[in-house]
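A quick write-up on the structure given underneath.
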Amino acid sequence: MIQITLKDGKVVEHPEGVTPLEIARGIGSRLVKEALAAKVNGRLYDLHRPLTGDAQVEFVTFDDEEGQLVYRHSSSHVMAQAVKKLFPECKLAIGPAIKDGFYYDFDVLQSFTPEDLEKIEKEMQAIIEADLPFERFELSREDAIALARAAGEDYKVELIEDLPEDAVISFYRQGDFTDLCAGPHVPSTGRIRSFKLLSLAGAYWRGDERNRMLQRIYGTSYPKQSMLKEYLFRLEEAKKRDHRRLGVELDLYSVHDEGPGFPFFHPKGMVLRNELERFWREEHVKQGYQEIRSPIILRQELWERSGHWEHYKENMYFTRIDEENYAIKPMNCPGGIILYQSRLHSYRELPIRLGELGLVHRHELSGVLHGLMRVRCFTQDDAHLFCRPEQVEDEIVGIIEMVEYFYRNIFGFDYHIELSTRPEKAMGSDALWETATNALRGALEKKGLPYKVNEGDGAFYGPKIDFKLQDCLGRTWQCGTIQCDFQMPEKFDLTYVGEDGLKHRPVMLHRVVFGSLERFIAILTEHFAGAFPLWLAPVQARVIPITDRHAEYARQVTDRLLEAGIRAEFDGRNEKVGYKIREAQVQKVPYMLIAGDKEVESGTVAVRERSEGDLGAQPLEAVIADLKGRIETRYLRRES
RNA sequence: GCUGAUGUGGCUCAGUAGGUAGAGCAGCUCACUCGUAAUGAGCAGGUCGCCGGUUCGAAUCCGGCCAUCAGCUCCA
């Protein structure tokens, strides 16, 4: 007999070789139905896998993230089985579960068509109805390779060969389908209830563009039809927040065939930008920054010196002026450096913090352009900090605090942090990289912030801390970043005069808070679904007279608001109130001020807030004071 | 850049046996003067992404290019 400790601490006895499923039967029928896998001593197990000794056993269901992963992973095996049946010549690559679903990569001669997806779905349905058990077996490396080779699964052979020495090599079989897999899986294919294949895409083998491109099928699955429906509905709802759609609907910005990746900002989009810039400038002055502006075009020779030519020229645009080669800046740093170098600096001045709202141009691959999120010209809210080595950590901490203040307090964003280390193609010695990376890590540790390490993702001149925000579909975008750079100061022989009267090398920090105004505005738009906080709203109040005879009063109200510095519009069109209100609602105008007989008589306006609705009549001056207060404090209220 | 899909008036979309385009919304005009999410009537608006080919004839078939969308790679 072995002792099984359950989640609630209860200990039960079972004969050796008992399976988690059998243990579940002893607990309750609902658990038997809902359990997808077991956690045995903290490791995920199949429900069918016999236990050989005393163990702590917990069950995972679809309510657990791990359960979802198991469920989706099994779904991907079902899909692979279906694909193998319909396209026997195809080779299997990998098929993991991901957030909200799963995918599988196949190497097929001809790419799949949407009609193929339907056929695959039908086949999957048949496999599910057959309720085939998932059976696990282990093989030695030699046997595993032999099995994969015999099946013609070249990618699997490669995967097995790359497994670490001590790895347990396991396979899972359901019906006539066998796949290399660490598991675990749900007990049988019948456990997959509702699924849908969502999209088709190309994906390079092992994510390397030098490798062959495989066909990837994305899908998702849920234990209940209603959950699947709910997911698809949420997806549709999320798309309504898409900044590309709202950009057109709210007349904020647009991109055209005439300039792919080069966005146009409309008057209302410019209001957003200008408000963001104004806020940015206020905060940076408070934090001891000075503002500069460097030219957009500079000699190519500068970029050769900075290392951009060597490391970044594929992304740069070039031009010729008077028979000389020039480059259009993809980054602002060399400009900032030239400015720093324009005179001598004392240690007493450091740190020098030079901010620049710099317009940069980068040649991005056509396939990656995405509304305002990924463009070919954008404005970085850049700054370059020149400091003494012992000031580095404090400066980094200061920047982190500013990012936190912006993201959390002002905009109410959720975000996560990544620390990106030395890339393959990098400048400078390992020792300097080490020092720079430690400085960044040290600041994060000091602030006690959680972060994930992103190996090899740093800039070519230094490691970085990235702040990542999410769009309407949960895709993450890098916005803020802090980069620690010991290379440029060397390259450009930057110096300051120390206490000892000798020249010393400053450390340079590159950083952005918004990241790019364009991307940040895109994120803002999706985050608020276009219903911007009052201080950012392109139109803050719309004044609506009920009939012509209230027009004059309404116009006076509008003038008074404008005079008070509130962005107000007068809607004197010959339409019903309901119509004008609807329009203002659709345009997400935060306040509608309505004037009819009662209001004209009493010198009030009827206030309607876009999410709270009719708030009743209030004296105009009180409304103005209220709005101004919210605007000045940049009051944030999350819209549902 | 790669894989796949898509491309019809400002927006959303109809338009498959290939016979020179249609709706709703938006816009404009007129009437209605109206109390918190769409008043009614009328008018106007399209080289059917671009170029070429097949055909008596192409939005519809074929090819090339461009752009967009999803994903991959890459990145603020």
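In the text below, chain A, chain B and the rest are named by the order of the sequence lines, each starting its count at 1.
A salt bridge between K468(A) and E418(A) is present, with a side-chain N of the basic residue lying under 4.0 Å from a carboxylate O of the acidic one. In this structure, E455(A) does not pair ionically with R422(A), as no charged nitrogen and carboxylate oxygen lie closer than 4.0 Å. One finds no salt bridge joining D471(A) and R241(A) here, because no Lys/Arg side-chain nitrogen approaches an Asp/Glu carboxylate oxygen to under 4.0 Å. The pair R567(A)-E275(A) counts as a salt bridge, with a side-chain nitrogen and a carboxylate oxygen less than 4.0 angstrom apart. A salt bridge links K240(A) to E237(A): one of the charged nitrogens lies within less than 4.0 Å of a carboxylate oxygen. A salt bridge links D162(A) with R206(A); the closest basic N to acidic carboxylate O contact falls under 4.0 Å. The pair R245(A)-E249(A) meets the salt-bridge criterion, since a charged nitrogen lies less than 4.0 angstrom from a carboxylate oxygen. Under the 4.0 Å criterion applied to side-chain N and carboxylate O atoms, D242(A) and K239(A) are not assigned as salt-bridge partners.
Residue-level contact check: V375(A) touches the bases, meaning some heavy atom is under 4.0 Å from a base atom. V368(A) comes within 4.0 angstrom of a nucleotide base, judged by non-hydrogen atoms across all strands. Across all strands shown, E599(A) has heavy atoms under 4.0 Å from base atoms, whether or not it also approaches the sugar-phosphate. Residue contacts for M592(A): at a heavy-atom cut-off of 4.0 Å it reaches no nucleic acid atom on any strand shown. As judged by a 4.0 angstrom heavy-atom cut-off over every strand, G578(A) is placed among residues touching the sugar-phosphate backbone only. Nucleic acid contact for Q478(A): sugar-phosphate only, since backbone atoms but no base atoms lie under 4.0 Å from a heavy atom of the residue.
Closest to the side chain of K464(A), out of A37(B), C34(B), A76(B), is A76(B). Listed nucleotides: U73(B), A76(B), G35(B). Nearest to the side chain of Q483(A): A76(B). Taking only side-chain atoms of Y218(A), from C-beta outward, the nucleotide of G71(B), A67(B), C69(B) with the closest atom is G71(B). Side-chain proximity of Y204(A) to the nucleotides G4(B), U73(B), U36(B) is greatest for U73(B). Comparing C74(B), A5(B), G1(B) by their nearest atom to the side chain of P114(A) picks out A5(B). Among the nucleotides A37(B), U33(B), U3(B), the one closest to the side chain of N574(A) is U33(B). Between G35(B), A76(B), U3(B), one nucleotide has an atom nearer to the side chain of S111(A) than all others, and that is U3(B). Picking from U68(B), A76(B), G71(B) the nucleotide with the shortest atom distance to the side chain of L369(A) gives U68(B). Closest to the K576(A) side chain, of the nucleotides U39(B), G35(B), G1(B), is U39(B). Candidate nucleotides C72(B), A76(B), A70(B) were compared by shortest atom distance to the side chain of R475(A), and A70(B) ranks first.
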Could you list all N or O pairs between the protein and nucleotides 26-30 of chain B that sit under 3.5 Å apart?
none

Pairs: protein N or O with nucleotides 9-12 of chain B N or O, under 3.5 Å:
none

Between protein and nucleotides 40-51 of chain B, what N or O pairs are separated by less than 3.5 Å?
none

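Taking atom C1' in both C69(B) and U20(B), the straight-line distance is 31 Å, to the nearest Å. Distance check on atom P: U55(B) versus A17(B) gives 23 Å, rounded to whole Å. Distance noted for atom P between C48(B) and G19(B): 16 Å (whole Å). Taking the P atom of each, G15(B) and G49(B) are spaced 15 Å apart, rounded to whole Å. Across the P atoms, G4(B) and A59(B) are found 28 Å apart, a figure rounded to whole Å.
Using modelled atom types and a 3.5 Å distance limit, the side chains of Y231(A) and E236(A) yield no donor-acceptor pair.
Residue K313(A) places its NZ atom among more than 12 non-hydrogen atoms of other residues, nucleotides or ligands, all under 6.0 Å distant.
F265(A) carries R273(A) over the face of its six-membered ring, with the cationic atom under 6.0 Å from the centre and within 45° of the normal.
For R374(A) against C74(B), a side-chain-to-base donor-acceptor contact under 3.5 Å is present. Judged by distance alone, with hydrogens and angles left aside, N315(A) brings no side-chain donor or acceptor close enough to the base of C74(B) to form a pair under 3.5 Å. S516(A) contributes a side-chain N or O that forms a donor-acceptor pair with the base of A76(B) under 3.5 Å.
Across the strands present, A23(B) finds its partner in U12(B); the criterion is a Watson-Crick or G-U wobble pair with both atom distances under 3.5 angstrom. For C74(B), there is no paired base (Watson-Crick or G-U wobble, both distances below 3.5 Å). Nucleotide C61(B): paired with G53(B) (Watson-Crick or G-U wobble, both distances less than 3.5 Å). Look at G42(B): its Watson-Crick or wobble partner, with both distances under 3.5 angstrom, is C28(B).
For the pair R610(A) CZ and A37(B) P, the interatomic distance rounds to 17 Å; values are reported in whole Å. Between L593(A) atom CG and G35(B) atom C1' the separation is 15 Å, expressed in whole Å. Atom CE in M316(A) sits roughly 16 Å away from atom C1' in A76(B) (whole-Å rounding). In this entry the distance linking CD of E115(A) with C1' of G4(B) reads 12 Å, nearest Å. As rounded to whole Å, 13 Å separates atom C1' of C69(B) from atom NE2 of H243(A). Atom CD in Q618(A) sits roughly 18 Å away from atom P in U36(B) (whole-Å rounding). The distance from atom CG of D571(A) to atom P of A38(B) is 15 Å, rounded to the nearest whole Å. In this structure, the CD atom of E258(A) is 16 Å from the P atom of C66(B), given to the nearest Å.
Taking side-chain N and O atoms only, R549(A) has a distance below 4.0 Å to OP1 or OP2 of C34(B). One finds no side-chain N or O of T547(A) lying less than 4.0 angstrom from the OP1 or OP2 phosphate oxygen of C34(B). Between R245(A) and U68(B) there is no side-chain N or O to OP1 or OP2 distance below 4.0 Å.
Ring centroid separation for the pair Y405(A) and F411(A) does not come in under the 6.0 Å cut-off.
Between Y312(A) and H308(A), the two ring planes are perpendicular [angle over 60°; tilted spans 30° to 60°]. Ring-plane geometry between F262(A) and Y317(A) is classed as tilted, the angle between the planes lying from 30 to 60 degrees on a 0 to 90 degree scale.
Counting only heavy atoms from C-beta outward, the side chains of M124(A) and L197(A) approach each other to under 4.5 Å.
With F413(A) as reference, F520(A) is the one residue of F406(A), F520(A), F467(A) to meet the ring pair (Phe, Tyr, Trp, His ring centres under 6.0 Å) rule.
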